[in-house]
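Before any comments, here is the structure.
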Number of protein chains: 2
Amino acid sequence: MASPRRTTLHDVAQEVGVSAKTVSRVLNGDGPTSEATRAKVMAAVDKLGFQPNLMARNMRVGGPDSTVGLIIPDMGNPFFGTVAGGIESAVRERGLTLLMGSSADDPDRERALITTFLGRRVSALMVVPAAAADHGHLRAARTAGMPVVFLDRPGTGLTADSVVSSNRDGTREGTTHLITGGHRRIAFIGDRPATLYTRRERLAGYREALETAHLPYDRSLVLDGHTEAEAAEAVLRVLHSPHPPTAILAANNFAAMGTVRGMVRAGRRDIALVSFDDLPFAEVLEPAITTVAQDPAAIGTAAAEIALARLDGDRTRARTVTVPTRLIPRGSGELPPSA
Amino acid sequence: MASPRRTTLHDVAQEVGVSAKTVSRVLNGDGPTSEATRAKVMAAVDKLGFQPNLMARNMRVGGPDSTVGLIIPDMGNPFFGTVAGGIESAVRERGLTLLMGSSADDPDRERALITTFLGRRVSALMVVPAAAADHGHLRAARTAGMPVVFLDRPGTGLTADSVVSSNRDGTREGTTHLITGGHRRIAFIGDRPATLYTRRERLAGYREALETAHLPYDRSLVLDGHTEAEAAEAVLRVLHSPHPPTAILAANNFAAMGTVRGMVRAGRRDIALVSFDDLPFAEVLEPAITTVAQDPAAIGTAAAEIALARLDGDRTRARTVTVPTRLIPRGSGELPPSA
DNA sequence: CTGAAAGCGCTAACAA
DNA sequence: TTGTTAGCGCTTTCAG
């Protein structure tokens, strides 16, 4: 590992025969510089392949590092990936780069990542909170001027900005869509644990729709499934129960995929389905799946905008931005009750 | 923005009444320290909520920053997201964090990201090369001891380590699977432009399978489609042509989804299909889609292992690691030719 | 076991 | 228009 020392500002200065500060001025377009030296400096920079050390720069300037820390549960999940992409495109213009880590929804890993990010002096911190995590420990950092934004779910133990989907309204709209189609027995299948924020909100929207329509809330129609397989089994069971539903509201896409499989296995293509969160294959299935689409990229950009405003001095109260969902009728939600 | 100054090593030292170096020693378990001071220091650290500034540390130590730079075309794509997750889990134990950016397959954006990452002195650079990018400019960085690993596709203009899927073997296997099932007219539908590395390799695998089976290579059966819609139309056209295929090999998942839609619109459920790259919905469709599954997480970990080995002094020649694909027969590939 | 001085690469503040 | 000095927060080197 006898890697040659990287060329520094001083090397360039020496090459040209000026002071380091002059090179710095040229590179940052800072103070006044003569055309002559400017040209010579640029030539030397090119010749030596000099690349300024951003760590050193950030440190001297004293401000935060030019990164945004982002913690999501799972990088392979396109929902979170798209959120990340939204953030990136919004902060890129400001010269900020994404420092990313995945928590696997594990509070300890989340905490470790946060510690690392704070140590790196990120400009802002964006977190999709792990299920059982507490965020009180972030208070100091926020007081020190570092914006904290929670994504997808509000954080716990700390009042901070957050950006979420309109889970409740979206699910209500989806459920109402089924009711309007004539359904009176509609099952809800959601994630576990039942205390999960998104699960709670979506269930609440489902119940609101039932109430508005004066339909009874039947607990035997509320199903759980943390994996696709579990969801499929739960659906299979309820379809074989004495009083099966004629429609199903799947509260996330694992549940939706499991529901489709369960229906296929039960040989019931006549059950209506609305899925919360859009799926790449929703249009390909037959019938195509009616979905309540979220807008993950918008969640990302909204979060980035809040963080940037905070960095620009916005000191108003913490707010929660709700990104609207959109019902996309495609066919599966339009099946009439057949039971 | 009157954010209070963050507490530093000196603040802690002053609080305890020792020198900064002593605090440093305690925190890094470096030199010898007495139990007494150790305890006092830890107490002060806790009380003041001190978090060492990693930028300063990295700078002083002189080594690279404790980050790995990763550039992918699209964060919302679960394939690349999963690759990223694989990298992260492999480098986390070494205390490295992921610095991520998306190029949108645009050489200029890729270049800008690389410049930023080099400026940050990342420990290693991992790049899914943008289609038309040249990477000769990375030679200097690599000479300076920074590992460069290309993912999914080899880089251009620079001999460096790379990790790719077994595109050719996988496609050959998938095609052979269809041939074994009795098909003699098999269409290939892939990405554009046709010069794309993965497209070329996969087409080559398809042709190899045909040759081995002494089947003619018919250009009219080679289709393009950069989007799902384009793929669907191409499939529709070929199915209505004078000599339609009885099976289709879709070389990526956009093509596969488009193919499914095209078949549905044509009312042809009797066309066999094998798709390169697994799809979340492959199992849900009817018939379930036979796929040649890639292993994106393994691609990520393999890349990380190469980079870490290089950091540990591995100076052997640049190598290309091929991560095997796996044929998953599910039904769509088992349909017999019916034409 | 602990401390003092020097310096990583860069820029702020002043001076020339 | 340019240079000098000092110092960001930390660790290395060398003395105690």
Side-chain angles (χ1 to χ4, degrees), chain A residues 3-42 44-45 48-66 95 116 118-123 144-145, chain B residues 3-42 44-45 48-66 95 116 118-122 144:
Chain A
S3 27
R5 200 175 55 77
R6 291 282 254 279
T7 73
T8 75
L9 204 65
H10 272 90
D11 300 333
V12 178
Q14 223 154 9
E15 173 86 14
V16 182
V18 296
S19 82
K21 177 65 203 177
T22 301
V23 178
S24 166
R25 271 196 270 257
V26 170
L27 258 42
N28 296 304
D30 203 22
T33 45
S34 80
E35 252 327 304
T37 48
R38 157 177 237 81
K40 278 194 287 186
V41 166
M42 292 313 265
V45 163
L48 302 180
F50 170 66
Q51 265 176 323
N53 185 325
L54 283 165
M55 286 198 291
R57 174 175 214 291
N58 279 321
M59 214 182 89
R60 173 66 251 226
V61 172
D65 188 16
S66 52
T116 307
L118 293 183
R120 303 195 70 91
R121 304 292 187 266
V122 293
S123 295
Chain B
S3 27
R5 201 175 54 77
R6 292 280 255 279
T7 73
T8 74
L9 203 65
H10 273 90
D11 300 333
V12 178
Q14 224 156 5
E15 172 85 14
V16 182
V18 295
S19 82
K21 177 62 207 175
T22 302
V23 178
S24 167
R25 271 196 271 256
V26 170
L27 259 41
N28 296 306
D30 203 24
T33 45
S34 81
E35 252 326 306
T37 48
R38 158 179 234 81
K40 277 195 288 186
V41 165
M42 291 314 264
V45 164
L48 301 180
F50 169 67
Q51 264 174 324
N53 185 326
L54 283 164
M55 285 198 291
R57 175 174 214 293
N58 279 323
M59 213 183 92
R60 175 63 249 228
V61 172
D65 189 15
S66 53
T116 306
L118 293 183
R120 302 196 70 90
R121 303 293 187 265
V122 293

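If you're wondering where the values come from, they're calculated on a predicted model, not measured in any experiment. The chains referred to below are lettered A, B, ... by the order of the sequence lines, with proteins before strands, and numbering in each begins at 1. Values below: all heavy atoms of this structure, side chains included; hydrogens, waters and symmetry mates excluded.
With hydrogens and angles ignored, no donor-acceptor pair under 3.5 angstrom links the side chain of Arg57(B) to the base of dG9(D). A donor-acceptor contact under 3.5 Å is formed by the side chain of Arg25(A) with the base of dG3(D).
Remark: P of dG7(D) and CE of Met59(B) are 15 Å apart, rounded to the nearest angstrom. In this structure, Gln14(B) places its CD atom 13 Å from P of dG3(C), rounding to the nearest Å. In this structure, the NE2 atom of His10(A) is 11 Å from the C1' atom of dT11(C), given to the nearest Å. To the nearest angstrom, C1' of dC10(C) lies 12 Å from CE of Met55(A).
Of the two residues contacting DNA chain D, namely Lys21(B) and Val61(A), the nearest-nucleotide position lying further toward the 5' end is that of Val61(A). Between Arg121(B) and Ser19(B), it is Ser19(B) whose nearest contact on DNA chain C lies nearer the 5' terminus.
Across dT11(C), dT2(C), dG9(D), the shortest atom-to-atom separation from the side chain of Asn28(A) is found for dT11(C). Closest to the Arg60(A) side chain, of the nucleotides dG3(D), dC10(C), dC10(D), is dC10(C).
Neither OP1 nor OP2 of dG9(D) sits under 4.0 Å from any side-chain N or O of Thr8(B).
Residues Lys21(B) and Asp30(B) meet the side-chain proximity criterion, which asks for heavy atoms closer than 4.5 Å.
Here the closest non-hydrogen pair linking Val23(B) and Val12(B) is CG1-CG1, 3.9 Å. Pro32(B) and Arg25(B) get closest at one heavy-atom pair: O-CD, 4.2 Å.
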Report the C-alpha distance between Arg120(A) and Ser66(B) in whole Å, list the side-chain angles of each, state the deciding distance to 0.1 Å, and finish with yes or no for side chain to side chain donor-acceptor pair (under 3.5 Å). CA-CA 10 Å; Arg120(A) 303 195 70 91; Ser66(B) 53; 3.1 Å; yes
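Residue contacts shown for Asn58(A) are absent, as no nucleic acid heavy atom lies under 4.0 Å away. Contact annotation for Thr33(A): backbone-only contact, meaning every heavy-atom pair under 4.0 Å involves sugar-phosphate atoms and none involves a base.
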